[in-house]
Amino acid sequence: MSDAFTNAVLAWFYEHGRHDLPWQQNPTPYRVWVSEIMLQQTQVATVIPYYQRFMTTFPTVEALAAAPEEVVLQHWAGLGYYARARNLHDAAQQVMALGGEFPDNLADLMALKGIGRSTAGAILSLAWQKRGVIMDGNVKRVLSRHFAIAGDSSSAAIQAILWQLADSHTPNQQNRAYTQAMMDLGATLCTRSKPLCLYCPVQHTCQAYRLGTPTAFPQKKPSKSIPTKEAYFLLLENEKGQLLWVKRPPTGIWGGLWCLPELPVAIDLAQELKTRYGLIDAHIEARASFKHTFSHYHLWLKPLYVRGTMLMVNDELSQWCDKEQALTLGLPKPMLTLLAALDDT
DNA sequence: AATGCGGGGAC
DNA sequence: GTCCCAGCATT
C-alpha cells in the first residue's frame, strides 16, 4: 500500500493522535464495543464519566449479560438514545450464547443488536486488529472535504461513494492506527467549524482546501423545522408524600425508563384522573411549564401537582417513591426538572 | 428514503 | 437559536 493520503494520515497520528482515551487502555473487544456504542452520536467528553462507571459495574460481558436490564438503564440515564443500552444488554446475552467469545468477522458482529457496519468495522480494527473500515461523522467530514464530495452526504448515493473512498484508502497494515487516526483528524483538526487546515497532514491534496471552502463540506440538505408538542406530567402525591412513577414502554421516548405519568393535554383531566387512578377529592395545581428539545421535536412539559385519595393498586409498571428513592431510579433529565417544580409555590 | 431516538457541546 | 456528535433500527 503506497497511498500518499493514507501514509500522511498515519505519520501524523503517531505524533499528534490521541493515545490516552480510557477505551484505548486494554482494548479488549468488550471494552471497545461498549465505548463504540456509547460514542454513537455522543461526544467523547460526555462519554468518559459514563464509561468509567459502566466498566466498574460491568467489567465483563458476563457481568453485563447477567445484570437486570433495569440496572443497565440506570447506568445509561442521562446519556440519551436509551435503545443503545437495551441493545447492548441484549447483545451481551447474544455473545454469551456464542460461548462468551466475541465474533471476529464483519457479518457476525453486525448480527449483534446495535452494531451496524461502522461499529463492526471499528471493533474489527481497534479490538481485533484486523482490517476494519469505519464511516462515522469524522471520517465522513474528512473524506468529503478532501475529495470535495458534493451532494447530500446522508443520501444513499453519496454514502456509497464515501464508503468506497473509505475502503480504498484504508490500509491492511497499521489498520488500527489508521482507524484511530481518521477519527482524531476529524475530531481535532478537520472540525465542523474553524478547521485547522494549517496543521493538516493532507492539506496539500485537499480539494476543499484548494477551493477555499473547507466548511462547505459535507453538504446536507436543508433541515426542516421540527414540531412542538405538549403533555401533562403528574406530580401525583399520596398521603405519605410519595410520588407515583411509571415505567415507560420499551420503544418510544425514554424507553424503559421510570418517569412521571404523562397525560395528553386534549382530555378531560378530572375524568381521566378518576378513571386511571381512582382519584377522588382531587386537588390540582398547575406548575410552571418548561420546554425540552429532542432531536426531532420540542416538548412542553406541563407539571400538575395533584393530591387526593387514590383507590388504584400498583402493578409492576408503577410504584410510589419518595424523592430520595426516585433519584436512584435513573431518571432522564427533564424528570429532574419536574421534581424541582415540587418545591415551587 | 424517511423517520425515530437524547442530551449536550460549540458557536 | 443552529448544527452536529466514534449511528442504528424500523418502516
Roughly, in whole Å, what's the span from [atom1] in [X] to [atom2] in [N]?
X         : N      : atom1 : atom2 : value
Arg117(A) : dA9(C) : CZ    : P     : 14 Å
Arg176(A) : dA6(C) : CZ    : C1'   : 16 Å
Ile37(A)  : dA6(C) : CD1   : C1'   : 10 Å
Ile123(A) : dA6(C) : CD1   : P     : 17 Å
Ile226(A) : dA2(B) : CD1   : C1'   : 16 Å

Can you give each donor-acceptor pair under 3.5 Å made by side-chain atoms of residues 238-255 of chain A, sequence neighbours left out, with the distance rounded to 0.1 Å?
{"unit_1": "Asn238(A)", "atom_1": "OD1", "unit_2": "Lys240(A)", "atom_2": "N", "d": "2.9"}
{"unit_1": "Asn238(A)", "atom_1": "OD1", "unit_2": "Gly241(A)", "atom_2": "N", "d": "3.2"}
{"unit_1": "Asn238(A)", "atom_1": "OD1", "unit_2": "Gln242(A)", "atom_2": "N", "d": "2.9"}
{"unit_1": "Asn238(A)", "atom_1": "ND2", "unit_2": "Gln242(A)", "atom_2": "OE1", "d": "3.0"}
{"unit_1": "Lys247(A)", "atom_1": "NZ", "unit_2": "Glu70(A)", "atom_2": "OE1", "d": "3.2"}
{"unit_1": "Lys247(A)", "atom_1": "NZ", "unit_2": "Gly256(A)", "atom_2": "O", "d": "3.0"}
{"unit_1": "Arg248(A)", "atom_1": "NE", "unit_2": "Ile253(A)", "atom_2": "O", "d": "3.0"}
{"unit_1": "Arg248(A)", "atom_1": "NH1", "unit_2": "Glu262(A)", "atom_2": "OE1", "d": "3.0"}
{"unit_1": "Arg248(A)", "atom_1": "NH2", "unit_2": "Glu262(A)", "atom_2": "OE1", "d": "3.2"}

- [ ] State which residues pass ring-ring contact (aromatic ring centres under 6.0 Å, His included) with His89(A); sequence neighbours excluded, sorted by chain then number.
- [x]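 Here no residue qualifies.
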With sugar-phosphate meaning primed atoms plus P, OP1 and OP2, does [X] contact a base, only sugar-phosphate, or nothing at under 4.0 Å between heavy atoms?
X         : result
Ser223(A) : sugar-phosphate
Val44(A)  : base
Ile134(A) : nothing
Gln180(A) : base
Arg86(A)  : nothing
Trp23(A)  : base
Leu299(A) : nothing

Open item on the list: Using the side-chain heavy atoms of Arg141(A), tell me which of these nucleotides is nearest: dA6(C), dC5(C), dC3(C).
Closed with: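 The closest nucleotide is dC5(C).
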Open item on the list: Using a 4.0 Å heavy-atom cut-off to protein, can you give one letter per nucleotide of nucleotides 6-11 of chain B, 5' to 3': B if the base is in contact, S if only the sugar-phosphate is, - if neither?
Closed with: BBBBBS
[X] side chain near [N] phosphate (N/O to OP1/OP2, under 4.0 Å):
X         : N      : answer
Lys224(A) : dA2(B) : no
Lys221(A) : dA2(B) : yes
Lys291(A) : dG1(C) : yes

Task: Counterpart residues, side-chain hydrogen bond (donor to acceptor under 3.5 Å, both in side chains), relative to Gln325(A) (two or more places apart) - done: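 Testing Gln325(A) for side-chain hydrogen bond (donor to acceptor under 3.5 Å, both in side chains), a comparison that skips the adjacent residues, returns none.
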- [ ] Under the side-chain hydrogen bond (donor to acceptor under 3.5 Å, both in side chains) rule, collect the residues that match up with Trp76(A), sequence neighbours excluded.
- [x]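 Listed in chain order: nothing, the list is empty.
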Which donor-acceptor pairs under 3.5 Å do side chains of residues 292-299 of chain A form with protein atoms, sequence neighbours excluded?
{"unit_1": "Thr293(A)", "atom_1": "OG1", "unit_2": "His298(A)", "atom_2": "ND1", "d": "2.9"}

TODO: Please confirm whether His19(A) and Phe13(A) have ring centers closer than 6.0 angstrom.
DONE: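 Under 6.0 Å, so yes.
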TODO: Answer yes if the ring centres of His16(A) and Tyr199(A) are under 6.0 angstrom apart, and no otherwise.
DONE: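 His16(A) vs Tyr199(A): aromatic centres not under 6.0 Å.
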Task: Salt-bridge contact Asp167(A)-Arg131(A) (side-chain N to carboxylate O under 4.0 Å) - done: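 Salt bridge between Asp167(A) and Arg131(A), a charged N being under 4.0 Å from a carboxylate O: yes.
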Task: Euclidean distance for P, dA6(C) against dG4(B) (whole angstrom) - done: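 Roughly 24 Å separates the two P atoms.
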Open item on the list: Taking dC3(C) as the reference, what is the distance to dG6(B) when you measure between their C1' atoms (whole Å, please)?
Closed with: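 Going atom to atom, C1' in each nucleotide, I get 15 Å.
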